[in-house]
J.: 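Below you will find the structure I want to go over with you.
To find a chain, count down the sequence lines: A is the first, B the second, and so on, and within it residues start at 1. Atom set for the values below is all heavy atoms of this structure, side chains included, hydrogens, waters and symmetry mates excluded.
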There are 2 protein chains.
Amino acid sequence: MTSTEPDRTTVAPGVPGTRPTRQRRAVGEVLASFDDFRSAQEIHTLLGQRGESVGLATVYRTLQLLADAGEVDVLRSEDGEAIYRRCSSTHHHHLVCRSCGATVEVEGPAVERWTSAIADEHGYVDISHTLEIFGTCRACAG
Amino acid sequence: MTSTEPDRTTVAPGVPGTRPTRQRRAVGEVLASFDDFRSAQEIHTLLGQRGESVGLATVYRTLQLLADAGEVDVLRSEDGEAIYRRCSSTHHHHLVCRSCGATVEVEGPAVERWTSAIADEHGYVDISHTLEIFGTCRACAG
DNA sequence: CCCTGAATTGACAAGCGTTCTCAATTGTCC
DNA sequence: GGACAATTGAGAACGCTTGTCAATTCAGGG
Ligand SMILES: [Zn+2]
Ligand SMILES: [Zn+2]
Ligand SMILES: [Zn+2]
Ligand SMILES: [Zn+2]
């Protein structure tokens, strides 16, 4: 084999999903600017208002990356639309105002234990769970 | 005034959503034939296999009626699709096998108390909540 | 610097579940 | 039977999300 053969030892694949682009930075900034759950399209609009032009498809892709990385939480609104929020990285649940969207992160060690126990009891393994609380916050209740 | 005038005292409005039609009966029967969560389109297919022709829109409308009446539970699969199951009428949650869909209804008085307490603590009123547990059942885990 | 190539982007076109529209049909009650 | 609201079905419309693909951008290496 001669040296004409491409040197495959230099292939720096460059892991996808890690490149710090203008668009990803912008999405991150917008996510930091609100603390309730917003849809991808709302976030896309907020970006426009900030003068940051980011394609809708890119917004969806970026949110998916962040969700996979555990940097944003994803919920489904009652009509099935996905809504996103930057959250703390520890496992937690949400208390959400049905009217204004104000969100409180809550932890419930007892609930975690309970779900595990129930699953064990019925022979289910590899457990995950969803728990969200909806209500009307003090401000909205008047 | 003569008797030619229509007698408006006999208007029996006839409450919508209460008429026992062939289509509604068929949907009810199919719902009784499985005990995991199925999508509207799956239910529509099952109806076809039974020889009961029911329009897809009618399936959606009927499921919505039953859900409003509290006779079926509606969940959102991970990709946002609505899935339905005939359930007991008392408040409960679900332990669902991610692989085969086998479902167990579970009650958790402690969890109900916990959600109320959390809501009170933060001044939220008029509370509701969602809680679902996903895992792999014994049969699927092998 | 400049090159190379993979990663990323954006405009647009599907894809998919769900709802709407409206004329035709059906069930109820007189 | 007759009258009339409720219901149905076929298809169009809708809104969110994902796929397509050529053009662009970024990270390194030379
Ligand atoms: Zn969160
Ligand atoms: Zn509120
Ligand atoms: Zn938890
Ligand atoms: Zn149930």
Side-chain angles (χ1 to χ4, degrees), chain A residues 3-28 30 37-48 51-69 72 74-84, chain B residues 3-28 30 37-48 51-69 72 74-84:
Chain A
S3 59
T4 58
E5 182 177 86
D7 187 346
R8 281 291 135 209
T9 62
T10 61
V11 270
V15 186
T18 57
R19 213 142 95 178
T21 65
R22 172 184 68 79
Q23 290 86 343
R24 286 177 186 172
R25 224 173 298 123
V27 170
V30 168
F37 283 87
R38 302 293 180 89
S39 72
Q41 317 226 27
E42 285 173 334
I43 291 170
H44 177 247
T45 299
L46 288 175
L47 282 164
E52 289 279 2
S53 165
V54 180
L56 180 57
T58 299
V59 173
Y60 272 103
R61 284 185 291 237
T62 303
L63 288 171
Q64 223 161 10
L65 280 175
L66 292 172
D68 290 346
V72 303
V74 189
L75 245 54
R76 291 267 171 193
S77 68
E78 208 150 304
D79 60 328
E81 192 178 10
I83 49 182
Y84 306 82
Chain B
S3 59
T4 60
E5 182 178 85
D7 186 343
R8 284 287 135 215
T9 62
T10 62
V11 270
V15 185
T18 57
R19 211 140 96 179
T21 65
R22 172 184 67 79
Q23 291 86 342
R24 286 176 185 173
R25 224 171 300 123
V27 170
V30 167
F37 283 87
R38 302 292 179 92
S39 72
Q41 317 225 28
E42 284 174 334
I43 291 169
H44 177 248
T45 298
L46 288 176
L47 283 164
E52 289 280 3
S53 165
V54 180
L56 181 56
T58 299
V59 173
Y60 273 104
R61 283 184 292 235
T62 303
L63 288 171
Q64 223 160 8
L65 280 175
L66 292 172
D68 290 346
V72 304
V74 189
L75 246 55
R76 291 265 171 196
S77 68
E78 206 151 303
D79 60 328
E81 193 178 9
I83 48 182
Y84 307 82

J.: Glu81(B): which residues meet the salt bridge (charged side-chain N to carboxylate O under 4.0 Å, His left out) condition with it, sequence neighbours left out?
T.: none

J.: So how far is it from Glu78(A) CD to Ile83(A) CD1, rounded to the nearest 0.5 Å?
T.: 10.5 Å

J.: The criterion is side chain to side chain contact (heavy atoms under 4.5 Å, CB included); which residues satisfy it with Gln41(A), sequence neighbours excluded?
T.: Ser39(A), Leu56(A), Tyr60(A)

J.: In whole angstrom, what separates Leu56(B)'s CG from dA10(D)'s C1'?
T.: 11 Å

J.: Applying a 4.0 Å non-hydrogen cut-off, can you work out what Glu42(B) is touching in the nucleic acid: base, sugar-phosphate, or nothing?
T.: nothing

J.: Distance check needed: dC12(C) C1' versus His44(A) NE2, whole Å only.
T.: 13 Å

J.: Please determine whether any donor N or O and acceptor N or O are separated by less than 3.5 Å between the side chain of Arg61(B) and the base of dG9(D).
T.: yes

J.: Using heavy-atom distances to pick each residue's nearest nucleotide on DNA chain C, tell me which of Ala57(A) and Leu65(A) is more 5'.
T.: Leu65(A)

J.: So which of residues 76-83 of chain B are in contact with DNA chain D, with a heavy-atom cut-off of under 4.0 Å?
T.: none

J.: Taking any heavy-atom pair under 4.0 Å as a contact, classify Ser39(B): base, sugar-phosphate, or nothing.
T.: nothing

J.: Any Lys/Arg nitrogen of Glu52(B) or Arg22(B) sitting under 4.0 Å from an Asp/Glu carboxylate oxygen of the other?
T.: yes

J.: Which heavy atom of Val74(A) sits nearest to which heavy atom of Ala82(A), and what is that distance?
T.: CG1-CB, 4.2 Å

J.: To the nearest Å, how far apart are Leu63(A) CG and dC16(D) P?
T.: 14 Å

J.: Can you tell me how far OH of Tyr84(B) sits from CD of Gln64(B), rounded to the nearest 0.5 angstrom?
T.: 6.5 Å

J.: For Val27(A), which of Leu46(A), Thr62(A), Thr21(A) qualifies under side chain to side chain contact (heavy atoms under 4.5 Å, CB included)?
T.: Thr62(A)

J.: Short of 4.0 Å, heavy atom to strand atom, which residues of residues 19-28 of chain A count as contacting DNA chain D?
T.: Arg19(A), Pro20(A)

J.: Nearest whole angstrom, please: distance from the P of dT9(C) to the CD of Gln64(A).
T.: 13 Å

J.: Have a look at the helix from dC1(C)-dG30(D) to dC30(C)-dG1(D) and give the angle its two end axes make, five pairs each, rounded to 10 degrees.
T.: 30°

J.: Can you figure out which of dG9(D), dT19(C), dT17(D) approaches the side chain of Tyr60(B) most closely?
T.: dT19(C)

J.: Does His44(A) reach the main-chain N or O of Val54(A) with its side chain, forming a donor-acceptor pair under 3.5 Å?
T.: yes

J.: Could you pull out the closest heavy-atom pair between Leu63(A) and Val72(A), with the gap in Å?
T.: O-CG2, 4.0 Å

J.: How long is the span from the CZ atom in Arg24(A) to the OG1 atom in Thr18(A), to the nearest 0.5 Å?
T.: 7.5 Å

J.: Return the set of residues passing salt bridge (charged side-chain N to carboxylate O under 4.0 Å, His left out) with Arg38(B) (not counting sequence neighbours), or none when no residue passes.
T.: Asp36(B)

